[in-house]
There are 2 protein chains.
Amino acid sequence: MELDERKVIILKTIIKNYLETGEPVGSRTISKFSGLNLSSATIRNEMSDLEEMGYIIQPHTSAGRIPSDKGYRFYVDSIMQDSDRRVNEATELMVQRVDKLEMMLKQLVKLLAVDTNYAALISGPSLTENKIKYLQLSQPAEKKLLLILVLEGNIIKNEVISIDEDLDHETVLNLTILINNYISGLSLKDISPKLITSIMVQSSGHGETIKAVIDSVVDMIEADVDSREIFTSGATNIFKYPELSDVDKASKLISAFEEKDSLKELVQEVSDLSRDENSSGLQVYLGGEGPIKNMQDCSLVTANYELGDGLRGVIGVIGPKRMDYEKVLGTMENLIKQLDKAYKDDKEKR
Amino acid sequence: MELDERKVIILKTIIKNYLETGEPVGSRTISKFSGLNLSSATIRNEMSDLEEMGYIIQPHTSAGRIPSDKGYRFYVDSIMQDSDRRVNEATELMVQRVDKLEMMLKQLVKLLAVDTNYAALISGPSLTENKIKYLQLSQPAEKKLLLILVLEGNIIKNEVISIDEDLDHETVLNLTILINNYISGLSLKDISPKLITSIMVQSSGHGETIKAVIDSVVDMIEADVDSREIFTSGATNIFKYPELSDVDKASKLISAFEEKDSLKELVQEVSDLSRDENSSGLQVYLGGEGPIKNMQDCSLVTANYELGDGLRGVIGVIGPKRMDYEKVLGTMENLIKQLDKAYKDDKEKR
DNA sequence: GTTAGCAATCGAGACGTTGGAGTGCTAACA
DNA sequence: TGTTAGCACTCCAACGTCTCGATTGCTAAC
């Protein structure tokens with residue numbers, strides 16, 4: 001059997017209606033709202049076909065139809081192709097650069113949650129490809145060394161490490177200069193064991209300390225890959241959707257949002273998947289697919305953001321499978337665009 | 001009427017039983033479990049008295065009794081006086097110093113949540129009374145200044161600020177030395193406008209920059225007072241208790257745990273209240289009282305922790321009003337003691 | 001002061017009934 | 001051949017009724 005134009009209209013009407021109401025849709029409803037001038041009986045025949053083809057499901061004999069996963073997928077793909085996604089002008093997002101990155105991410109994710117009424121998450125940018133600007137050392141206590149690492153984009157990381165020797169002020173300064181001579185301008189992949197050895201050679205006896213410092217630098221950058229900070233907002237929005245409000249599902253979802261570990265995996269998986277993807281980077285994962293295989297009734301919409309300077313991260317919305325994909329996709333696209341713009345403007349201004 | 005010994009036993013038995021089961025307790029249950037050899041009829045008479053005195057309540061005519069707020073308060077106060085609170089040796093808490101403060105706090109709060117089966121929170125230590133070790137300045141970009149503030153206890157804060165002039169490397173160094181000469185060893189309250197002026201005078205033309213830097217230092221320390229970081233764990237534990245699991249209450253509580261703003265207020269209020277309190281600092285707030293006036297069915301147990309070096313913060317557990325106070329109080333006391341010990345040992349070792 | 005016994009009360013859960021929404025099928029119609 | 005009206009059938013959700021068990025307060029006896 002073939003999915004002709006009329007069937008497509010009916011299918012889309014069913015899904016749209018279901019997304020709005022959350023209730024199974026009957027033939028009379030379609031007959032009234034599809035715009036096709038057909039009686040409910042005719043619609044029934046078509047629906048029967050659509051069911052046979054696997055796009056819709058009947059929860060029980062005397063109920064209307066709801067979309068199957070295949071139906072959802074069809075719907076989502078079809079709106080992803082509509083490039084004229086209505087960009088929500090009304091909710092003009094107030095994206096403005098905030099100096100503190102953390103603040104900015106928190107603000108963004110809150111915005112997204114409030115705007116969509118779903119749960120939102122954002123990952124801190126990945127630093128692996130980011131270049132080191134410089135490193136500063138100082139000694140806050142005996143046998144301790146404080147490392148301040150400044151990366152491109154003015155990302156700052158710090159860590160206190162323990163070392164085996166006591167250094168005087170001047171030695172610390174010299175070591176700082178030595179190390180910076182080698183590593184500033186490099187990114188993670190440029191720091192090879194060979195490089196480390198050649199710095200150590202020049203360290204006039206402080207080899208162990210140098211090694212500890214560089215290892216720690218690598219750690220700080222690397223740690224950010226698998227422990228990238230994740231900010232969330234609006235987890236309690238899921239209570240607005242009855243199909244997720246039962247204790248079991250809600251509890252799972254919310255603890256995922258509290259203990260961010262599983263979200264980290266999710267972000268990791270998403271950024272792996274979307275590495276070589278379409279331009280906008282927008283992706284929709286339906287419950288059970290890929291990164292959210294253990295959240296049967298949820299969907300995840302993700303996008304990649306970029307804050308000038310090559311700082312890239314992932315932003316996402318989790319909601320019920322019957323979420324308003326059009327709105328979410330529109331909002332996210334808008335957000336990404338405005339972020340991009342804000343950072344471009346900023347760059348030109350500088 | 002007077003609260004004689006027998007009434008006390010009966011009251012405590014009622015409350016203990018209710019804490020365990022969450023169901024109203026009837027006279028027969030008490031007759032069996034109180035250890036007093038009395039028939040249910042006698043108990044009924046006593047219960048009638050206790051109700052008249054306001055310690056217990058009857059939800060409806062044909063149900064057992066549940067504790068009133070007055071009853072809870074009596075019970076909690078009485079176990080707070082029992083100094084022989086069973087210290088839960090079995091769950092020997094694995095408190096060990098972790099270098100990174102943040103990690104350590106996260107670990108602690110998780111421990112507490114898992115151990116008690118309630119929702120737990122911990123505030124980062126307050127820095128207002130903490131002394132400044134030193135300040136480091138550097139220039140990550142034109143007209144930007146990176147401030148690294150190292151406080152007693154090796155707490156590190158950083159911030160990038162914008163300034164109006166371009167400085168060369170040497171000037172930055174000189175300013176750093178100048179500022180440190182004045183402020184290292186001081187705590188927040190020692191930084192007066194007068195002090196700032198006298199530094200500015202010596203700054204040979206960089207007065208504005210100095211002012212911006214010091215303001216920012218004050219900000220960094222102060223920001224920590226009202227935006228002290230708060231870590232939480234086990235928010236979803238509340239789903240284990242039916243009286244909090246309805247959508248409304250759960251949603252309120254969980255969003256408080258997600259958007260930490262209201263928790264910050266709570267911590268603030270608790271540390272104000274407990275400033276001049278008994279030694280252990282353990283406090284129990286029943287739903288509706290003080291800091292949790294808008295959480296009718298919850299209770300909050302708090303304590304003050306100290307990590308050597310005068311870093312003080314608040315740790316707390318939120319659960320249903322019918323929480324196992326004995327266990328929670330025991331666990332928290334134990335935790336505080338072990339923290340104390342771990343840091344003392346560490347200090348001696350140094 | 002304590003206890004046994006009894007009627008009264010009330011909520012939780014089981015059960016049955018009803019009504020509405022929806023379907024599939026058939027037969028008639030264009 | 002595609003569309004439509006009509007009808008019997010199905011099923012869930014909502015509602016009301018009923019019963020059962022837990023518990024109480026009261027009274028009278030110990």
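Chain identifiers are assigned alphabetically (A, B, ...) following the order of the sequence lines, protein sequences preceding nucleic acid strands; residue numbering begins at 1 within each chain. Predicted model, so just to flag it, every value in this text is computed and none were measured. Just so you know, these numbers use all the heavy atoms, side chains as well, and skip hydrogens, waters and symmetry mates.
- As rounded to whole Å, 10 Å separates atom P of D:dG2 from atom NZ of A:K7.
- With hydrogens and angles ignored, the 3.5 Å screen pairs a side-chain donor or acceptor of B:S68 with a backbone N or O of B:Y55.
- A donor and an acceptor atom, one from each side chain of B:S299 and B:Y325, are located under 3.5 Å apart.
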Nucleotide N/O to protein N/O under 3.5 Å, stretch nucleotides 16-19 of chain D:
none

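- Within a 6.0 Å radius of CZ in B:R28, other residues, nucleotides and ligands contribute 12 heavy atoms or fewer.
- The distance from atom CG of A:L50 to atom C1' of C:dT23 is 15 Å, rounded to the nearest whole Å.
- When the P atom of C:dA8 is taken as reference, atom NE2 of B:H60 falls 19 Å away, rounded to whole Å.
- Rounded to whole angstrom, the span from the CD1 atom of A:I57 across to the C1' atom of C:dT23 amounts to 17 Å.
- Distance CG (A:N17) to P (C:dA21): 15 Å, rounded to an integer number of Å.
- To the nearest angstrom, C1' of C:dG1 lies 13 Å from CD1 of B:I10.
- Residue-environment remark: NZ (A:K110) stays at or below the threshold of 12 foreign heavy atoms within 6.0 Å.
- A 6.0 Å sphere centred on CG of B:D77 holds more than 12 heavy atoms belonging to other residues, nucleotides or ligands.
- In terms of the side-chain contact (heavy atoms from CB on, under 4.5 Å) criterion, residue partners of B:E46 (sequence neighbours excluded) are, by chain and number, B:R6, B:K7, B:I10, B:D49.
- One can place CG of B:L36 at 15 Å from C1' of C:dT3, the figure rounded to the nearest angstrom.
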- When you look at B:K327 and B:D115, which way does the salt bridge (Lys or Arg N to Asp or Glu O under 4.0 Å) test go after all the steps? CA-CA 9 Å; B:K327 185 180 160 197; B:D115 230 56; over 6 Å; no

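- When the P atom of C:dA30 is taken as reference, atom CG of A:N37 falls 17 Å away, rounded to whole Å.
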- Task: Carefully, step by step, assess A:K321 and A:D69 under the rule salt bridge (Lys or Arg N to Asp or Glu O under 4.0 Å).
- Result: CA-CA 9 Å; A:K321 217 178 217 175; A:D69 278 9; 2.7 Å; yes

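- Using modelled atom types, one finds a donor on one side chain and an acceptor on the other under 3.5 Å when comparing A:E258 with B:T232.
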- How would nucleotides 20-30 of chain D be written as a contact map, 5' to 3', with B for base contact, S for sugar-phosphate-only contact and - for no contact, using protein heavy atoms under 4.0 Å? --BSBBB----

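- Searching all strands for a Watson-Crick or G-U wobble partner of D:dC30 with both distances below 3.5 Å returns C:dG1.
- Look at A:T42 and you'll find a side-chain N or O under 4.0 angstrom from OP1 or OP2 of D:dT4.
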